[in-house]
Colleague: 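Below is a structure I'd like to ask you about.
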Amino acid sequence: MTLSLTVSDEVRALAPGFTHLAVEAYGLVNGPSTDGTSELLDDAARRLAARLDGRAPQEDPHMAAWREVYTAFGSKPSRTRNSAEALAKRALSDAGLPRINVLVDLYNAISVAHLIPVGGEDLDHIQGGMRLVRATGDEDFVTVAAGEEAVEHPDAGEVVWCDEKGVTCRRWNWRQGPRTRLTEESTSAVFLLESLTPMPVADVEAAGAELVELLEKFSPGARITVHAPEPATG
């Protein structure tokens with residue numbers, strides 16, 4: 001894998017049931033949302049509703065497990081939801097899912113349909129390898145506030161993804177920073193599918209395979225590699 005992904009021992013200890021699957025892709029074609037991606041998002045919302053069968057997203061066992069982990073590192077899961085739960089809540093609302101751009105729409109559709117956190121990072125803007133760690137609280141998270149660039153710092157003990165330049169995503173998968181997000185100009189990306197027990201690894205693999213199918217459909221000729229799920233054990 002061109003990009004190294006490591007999970008710290010502290011995170012492994014916090015969530016021994018954590019698994020992540022990475023899809024590395026080059027030669028992607030991005031652009032504004034299309035009728036095709038909009039239909040995928042609508043279909044994902046229907047699949048979610050069928051999966052939940054009247055339950056709230058947080059009542060799903062996988063989402064409940066994420067809430068427990070968020071609580072364990074000091075975050076309030078009802079206020080800062082994991083990305084899959086937040087998207088699911090949007091999908092079931094009258095507003096529906098946002099349309100962002102082709103690549104983001106694709107991975108959001110997978111996240112909602114499979115109820116699994118999925119993130120996408122622009123490989124051209126990642127500095128060095130990516131690490132999932134418990135923050136010291138001194139790391140920089142560059143974001144935008146009131147239209148201006150602003151620097152925040154994660155809470156001590158918070159789980160964050162970071163590269164050599166700083167934090168790329170706060171509270172595990174709650175909020176991504178603008179520096180590495182996928183824009184309409186992005187052509188290279190890594191997509192991370194993150195799960196906890198009780199989600200079977202086979203379900204993570206199925207979600208990853210469906211994402212690859214969509215990437216191949218919307219970016220013919222893209223070079224895509226799936227890196228096997230890596231349990232956070234040992």
Side-chain angles (χ1 to χ4, degrees), residues 1-26 66-77 79-87 100 103-104 107-108 111 116-145 148-183 186-196 204 208 225 227 229-234:
M1 186 174 187
T2 306
L3 174 72
S4 66
L5 295 169
T6 57
V7 179
S8 72
D9 290 341
E10 291 80 8
V11 173
R12 294 177 193 274
L14 179 74
F18 173 63
T19 298
H20 69 274
L21 179 149
V23 176
E24 190 177 6
Y26 300 90
W66 276 104
R67 282 192 163 222
E68 289 178 10
V69 167
Y70 268 51
T71 300
F73 68 75
S75 184
K76 294 182 178 178
R79 201 165 78 188
T80 54
R81 296 176 175 86
N82 76 79
S83 65
E85 185 184 326
L87 272 179
I100 308 296
L103 293 178
V104 175
Y107 79 70
N108 279 349
S111 177
I116 179 174
V118 184
E121 303 281 356
D122 190 322
L123 285 171
D124 292 330
H125 295 285
I126 294 292
Q127 304 294 315
M130 290 181 64
R131 297 170 291 118
L132 187 65
V133 302
R134 300 198 70 174
T136 63
D138 297 325
E139 299 89 348
D140 287 345
F141 177 71
V142 180
T143 185
V144 176
E148 300 289 333
E149 185 175 285
V151 178
E152 297 178 356
H153 303 284
D155 299 327
E158 181 182 324
V159 176
V160 296
W161 278 104
C162 59
D163 65 2
E164 290 181 4
K165 197 169 182 179
V167 173
T168 58
C169 195
R170 285 198 59 190
R171 293 183 183 143
W172 208 312
N173 47 44
W174 167 64
R175 191 172 70 175
Q176 183 184 31
R179 171 170 62 90
T180 59
R181 68 175 49 147
L182 297 176
T183 69
S186 299
T187 59
S188 304
V190 61
F191 301 92
L192 290 175
L193 292 79
E194 302 181 299
S195 72
L196 296 169
V204 183
T225 305
H227 301 276
E230 181 182 325
T233 56

Colleague: At their closest point, which heavy atom of Leu182 faces which heavy atom of Leu103, and how far apart are they?
Modeller: CD1-CB, 4.0 Å
Colleague: Which heavy atom of Ser75 sits nearest a heavy atom of Pro77, and at what distance?
Modeller: O-CD, 3.2 Å
Colleague: Do side-chain atoms of Glu139 reach the backbone of Gly137 as a donor and acceptor pair under 3.5 angstrom?
Modeller: yes
Colleague: Look up atom OG in Ser188 and atom CD1 in Ile126, then write down how far apart they are to the nearest 0.5 Å.
Modeller: 11.5 Å
Colleague: Take the angle between the ring planes of Tyr70 and Phe73 and call it parallel below 30°, perpendicular above 60°, tilted in between.
Modeller: tilted
Colleague: Decide yes or no for Thr19 and Leu21: does some side-chain heavy atom of the first lie under 4.5 Å from some side-chain heavy atom of the second?
Modeller: no
Colleague: May I ask you to check whether Ser186 and Asp122 show a side-chain donor-acceptor distance below 3.5 Å?
Modeller: yes
Colleague: Is any side-chain heavy atom of Arg81 closer than 4.5 Å to one of Leu87?
Modeller: no
Colleague: Are Val23 and Tyr107 side-chain neighbours, meaning at least one heavy-atom pair lies under 4.5 Å?
Modeller: no
Colleague: Do Trp174 and Glu158 have side-chain N/O donor and acceptor atoms under 3.5 Å apart?
Modeller: no
Colleague: With a 4.5 Å cut-off on side-chain heavy atoms, are Trp172 and Thr80 touching?
Modeller: no
Colleague: Mind listing the closest non-hydrogen atom pair of Ala150 and Ala145 along with its distance?
Modeller: CB-CB, 4.1 Å
Colleague: How far does CG of Leu132 sit from CD of Glu194, to the nearest 0.5 angstrom?
Modeller: 6.5 Å
Colleague: Quick one: are Glu10 and Val133 in side-chain contact, heavy atoms under 4.5 Å?
Modeller: no
Colleague: If you take all heavy atoms of Val160 and Arg171, which pair is closest and at what distance?
Modeller: CG1-N, 4.1 Å
Colleague: What heavy-atom pair brings Val69 and Ala15 nearest, and what distance separates the two atoms?
Modeller: CG2-CB, 4.1 Å
Colleague: Would you give the length of the straight line joining atom CZ of Arg181 to atom CD of Glu121, rounded to the nearest 0.5 angstrom?
Modeller: 10.0 Å
Colleague: Kindly give the heavy-atom pair with the smallest separation between Ser83 and Asn173, and that separation in Å.
Modeller: CB-O, 3.0 Å
Colleague: Tell me, do Asp138 and His153 make a side-chain contact under 4.5 Å, heavy atoms counted?
Modeller: no
Colleague: Determine, for Asp140 against Lys165, whether the closest basic-nitrogen to carboxylate-oxygen distance falls under 4.0 angstrom.
Modeller: no
Colleague: Does a side-chain heavy-atom distance below 4.5 Å link Thr168 with His125?
Modeller: no
Colleague: Please round to the nearest 0.5 Å and tell me the distance separating atom CD of Glu68 and atom CG of Leu196.
Modeller: 9.0 Å
